[in-house]
Amino acid sequence: MTATPAWPPASLPRLFIDSPLSDGQVLTIDGGQAHYLTGVMRLKAGDRIMLFDDRSGEWLSQIESVAKRSLAVRLTHHIRPREAVPDLWLLAAPIKKGRIDWVAEKASELGVARWQPVITQRTIVDRLNLDRLRAHMIEAAEQCERTALPVLDEPVKLTALLRDWPADRALIFADEEGGVPMIDAIAPGPAAILIGPEGGFTPDERAMIRGIAQAVGVSLGPRILRADTAMAAAVTLWMAKAGDWR
Ligand code: SAH
């Protein structure tokens, strides 16, 4: 008996295309993506790849021709529509380079809908390279099979963020000085997780955050976690209890 090929084909190279994709379309891929497909993956005409556009979902595609610095790709099958992303925002303060790149990658993989960097009193990073962070988020989305990219916003000050806090969104405040066990504070519905920078929150900030009606101060256990670890732990708990991990 001949084996039935798996459908849709598994583990094909997968790329984000920043323009709307549609059935039968032939598009040109160039730059770093072309180098990746032909130089790194050594793909040739006839080979298949997956494309997604953060709009229409995911498309099985076939390479039509390869030129020196570009290739032509035809979209052949619509595989999946764009997914519904669990309504979780990450409000993590910027931390130093290397660690913040890791936050960008893991936030995308773990499934957050949006990362809103928050500037707190003890935030020591003054310039954020959003393009670099976005590139890490896209790369993670490509490899983890997301069909919707997380949104990455311009940094805002904590005071401004809290002033306009939406009435219907829970604010889960990871407080290194303690709170209710986080698992007990998670309820269904829109939520955001607030994580401080390396130096943590000031007493003023702590009081201001806890003054918001939608806020709940939570503990991630008796050990002080690094900000990047705290982010992964908190997002994991939320995804398991209120997100799409079941
Ligand atoms: N320098 C601070 C720690 C900051 S840790 C101190 O020594 O107290 C960075 C951030 O991670 C914190 O602001 C908090 O949001 C989160 N965090 C780390 N450990 C935590 C814990 N055990 N419970 C809740 N939040 C924690």
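Remember, it's 1-based here, ligands and their atoms both numbered in the order they're listed.
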Residues at least two apart in sequence or cross-chain that pass ring-ring contact (aromatic ring centres under 6.0 Å, His included) with Trp59, listed by chain then number, are His78

Arg226: side-chain contact (heavy atoms from CB on, under 4.5 Å) partners, not counting sequence neighbours: Arg99, Asp228, Thr229

Neighbouring protein residues of ligand 1 - any heavy atom closer than 4.0 Å: Ala174, Asp175, Glu176, Ile195, Gly196, Pro197, Glu198, Gly199, Gly200, Phe201, Val218, Ser219, Leu220, Gly221, Arg223, Ile224, Leu225, Ala227, Ala230

Hydrophobic clusters here meaning ILVMFWY residues chained together by side-chain heavy-atom distances under 4.5 Å, can you tell me if Leu110 and Leu225 are in one? yes

Residues which pass side-chain contact (heavy atoms from CB on, under 4.5 Å) with Arg169, listed by chain and number, not counting sequence neighbours: Asp87, Trp89, Trp165, Pro166, Pro190, Ala192

On the six-membered ring of Phe52, is Arg14 placed so that its NZ or CZ lies under 6.0 angstrom from the centre and within 45° of the ring axis? yes

Intermediate values then yes/no, side-chain hydrogen bond (donor to acceptor under 3.5 Å, both in side chains), Thr147 and Glu83: CA-CA 6 Å; Thr147 53; Glu83 73 202 271; 2.9 Å; yes

